[in-house]
Participant: 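Could you have a look at this structure, given as structure tokens, before my questions?
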Amino acid sequence: MDATFLTNFMRFVQSKTKAERSMAFDLEMTIHDRVNLDDDELNKPDFADVLQTAIDEAINTDDYVITNNLLTPEDAPKTNIHLHKLRMMVAIPLAGHGAIYIDQQIRQGVFPRDLVERITEFGHYVVENDKTDLSPAEYDALFQQ
């Protein structure tokens, strides 16, 4: 059931945020579904490290995490020629189930913080009220209420 729930909630989140890429993780960091992320990208050390850190923090704090793929200011490029590759990354926890990861290139815009907060609160509501068997469309309808 967790795999279906995680997949359906991921699809709902991607629909609401219009994220370029997304993944659904369980508590053991198993990927149950993904969109627009191939194995080559997942195996890049820098990406894997940032991803692991964001998902772990979201699960451990039961709160969303917003980050980017530049780890520290000293790692930032000296010029702006690489800024087009900068991505906004968000991890949204689903207590007792796992987390949803979304990202997109900054040039596509950023995820509004209030939307991320609302989706996180909605995820808490869904888990607390045992509504883990809904379709993405049903999550969307419930979210609109």
Side-chain angles (χ1 to χ4, degrees), residues 1-78 80 82-140 142-143:
M1 181 57 168
D2 267 356
T4 301
F5 166 54
L6 292 168
T7 294
N8 287 345
F9 202 81
M10 179 202 77
R11 302 253 174 206
F12 157 73
V13 170
Q14 186 172 22
S15 166
K16 290 315 273 176
T17 61
K18 304 203 181 348
E20 182 182 346
R21 307 186 309 185
S22 61
M23 287 185 284
F25 290 89
D26 67 18
L27 295 173
E28 285 79 40
M29 291 296 292
T30 301
I31 300 170
H32 288 280
D33 196 8
R34 61 184 170 178
V35 174
N36 294 328
L37 276 156
D38 60 22
D39 290 338
D40 289 340
E41 183 69 21
L42 290 175
N43 293 324
K44 290 180 181 175
D46 290 344
F47 179 75
D49 290 345
V50 172
L51 177 65
Q52 178 78 41
T53 300
I55 296 296
D56 283 346
E57 184 178 337
I59 289 172
N60 291 330
T61 64
D62 199 29
D63 200 5
Y64 66 89
V65 173
I66 297 176
T67 188
N68 63 53
N69 59 340
L70 292 178
L71 299 173
T72 61
E74 53 271 6
D75 290 334
K78 302 286 187 265
N80 64 1
H82 297 289
L83 292 180
H84 70 281
K85 294 182 181 179
L86 184 63
R87 291 187 165 278
M88 179 180 196
M89 303 171 167
V90 177
I92 298 170
L94 294 167
H97 298 274
I100 304 301
Y101 167 88
I102 57 173
D103 79 18
Q104 69 184 15
Q105 292 181 350
I106 295 291
R107 69 179 175 193
Q108 302 297 329
V110 297
F111 303 118
R113 184 175 296 270
D114 63 328
L115 178 59
V116 172
E117 289 172 356
R118 283 186 58 218
I119 290 171
T120 302
E121 290 169 10
F122 181 65
H124 289 137
Y125 169 82
V126 164
V127 170
E128 289 167 6
N129 291 282
D130 198 27
K131 297 187 179 291
T132 58
D133 59 348
L134 303 179
S135 71
E138 290 170 317
Y139 285 126
D140 187 53
L142 188 59
F143 184 77

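The chain is numbered in sequence order, starting from 1. These values consider heavy atoms only, across backbone and side chains, with no hydrogens, waters or symmetry-generated copies.
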Participant: Less than 6.0 Å separating the ring centroids of Tyr139 and Phe9?
Facilitator: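 Here the rings of Phe9 and Tyr139 have centres that are less than 6.0 Å from each other.
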Participant: Between Ala95 and Val127, which heavy-atom pair has the shortest distance, and what is it?
Facilitator: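 Shortest heavy-atom contact: O-CG1, 3.4 Å.
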Participant: Between the main-chain N or O of Asp26 and the side-chain N or O of Thr30, is there a donor-acceptor pair closer than 3.5 Å?
Facilitator: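 Checked: no pair found.
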Participant: Salt bridge between Glu41 and Lys44, side-chain N to carboxylate O under 4.0 Å?
Facilitator: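 Here Glu41 pairs with Lys44 in a salt bridge, since their nearest N and O are under 4.0 Å apart.
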Participant: For the CG atom of Asn36 and the CG atom of Asp103, what is their distance to the nearest 0.5 Å?
Facilitator: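 Rounded to the nearest 0.5 Å, the CG-CG separation comes to 9.5 Å.
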Participant: Walk me through it: do Arg21 and Arg87 pass the test side chain to side chain contact (heavy atoms under 4.5 Å, CB included)?
Facilitator: CA-CA 10 Å; Arg21 307 186 309 185; Arg87 291 187 165 278; 3.2 Å; yes
Participant: Between Asp38 and Asp40 (side chain of the first, backbone of the second, donor and acceptor by atom type, cut-off under 3.5 Å), is there such a pair?
Facilitator: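 A pair under 3.5 Å: yes.
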Participant: Could you walk me through whether Phe111 and Ile119 pass the side chain to side chain contact (heavy atoms under 4.5 Å, CB included) check?
Facilitator: CA-CA 11 Å; Phe111 303 118; Ile119 290 171; over 6 Å; no
Participant: Go through the steps for Thr120 and Asp63 under the test side chain to side chain contact (heavy atoms under 4.5 Å, CB included), then give the verdict.
Facilitator: CA-CA 7 Å; Thr120 302; Asp63 200 5; 4.2 Å; yes
Participant: Measuring from atom OG1 of Thr17 to atom CD1 of Ile102, what distance do you get when rounded to the nearest 0.5 angstrom?
Facilitator: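 It comes to 3.5 Å.
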Participant: If I compare all heavy atoms of Leu37 with all of Ser22, which pair ends up nearest, and what's the gap?
Facilitator: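 Closest approach of Leu37 to Ser22: CD1-O, 4.1 Å.
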Participant: Taking all non-hydrogen atoms of both residues into account, name the closest pair between Gln108 and Glu20 and its distance.
Facilitator: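 Shortest heavy-atom separation between Gln108 and Glu20 comes out as CG-OE1, 4.4 Å.
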Participant: Heavy atoms, side chains only, cut-off 4.5 Å: are Thr67 and Glu57 in contact?
Facilitator: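 The answer is no, as the side chains (C-beta and beyond) never meet within the 4.5 Å cut-off.
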Participant: Side-chain contact, heavy-atom cut-off 4.5 Å: Phe122 with Leu142?
Facilitator: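 With C-beta onward as the side chain, the pair touches.
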Participant: Give me the atom names and distance for the closest heavy-atom approach of Pro136 to Arg11.
Facilitator: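 The pair with the smallest heavy-atom distance is CG-CB, 3.8 Å.
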Participant: At what distance, to the nearest 0.5 angstrom, does CE of Met88 lie from CD of Gln104?
Facilitator: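 One gets 8.0 Å once the value is rounded to the nearest 0.5 Å.
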Participant: Indicate the atoms forming the closest heavy-atom contact of His32 with Ala3, along with that distance.
Facilitator: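 What the structure gives for the nearest pair is ND1-CB, 3.4 Å.
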Participant: Would you mind reporting whether Glu138 and Asp133 have side-chain heavy atoms less than 4.5 Å apart?
Facilitator: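 A side-chain contact is absent here, since even the closest heavy-atom pair is not under 4.5 Å.
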Participant: Are the side chains of Phe12 and Val126 in contact, using a 4.5 Å heavy-atom criterion?
Facilitator: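 Of all side-chain heavy-atom pairs linking Phe12 with Val126, none is under 4.5 Å.
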Participant: Go through the steps for Leu6 and Met10 under the test side chain to side chain contact (heavy atoms under 4.5 Å, CB included), then give the verdict.
Facilitator: CA-CA 6 Å; Leu6 292 168; Met10 179 202 77; over 6 Å; no
Participant: For a quick test of reading the model, state the closest non-hydrogen atom pair linking Ala91 to Ile55 and the distance between them.
Facilitator: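 Reported closest heavy-atom pair: CB-CD1, 3.9 Å.
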Participant: For the CG atom of Leu115 and the CZ atom of Phe143, what is their distance to the nearest 0.5 Å?
Facilitator: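 If I round to the nearest 0.5 Å, the distance is 5.5 Å.
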Participant: What's the spacing between Gln14 CD and Ile100 CD1 if we round to 0.5 Å?
Facilitator: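 CD1 of Ile100 is found 10.5 Å from CD of Gln14.
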Participant: Distance check, rounded to the nearest 0.5 Å: Ile66 atom CD1 versus Met89 atom CE?
Facilitator: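 The CE atom of Met89 is 13.0 Å from CD1 of Ile66, to the nearest 0.5 Å.
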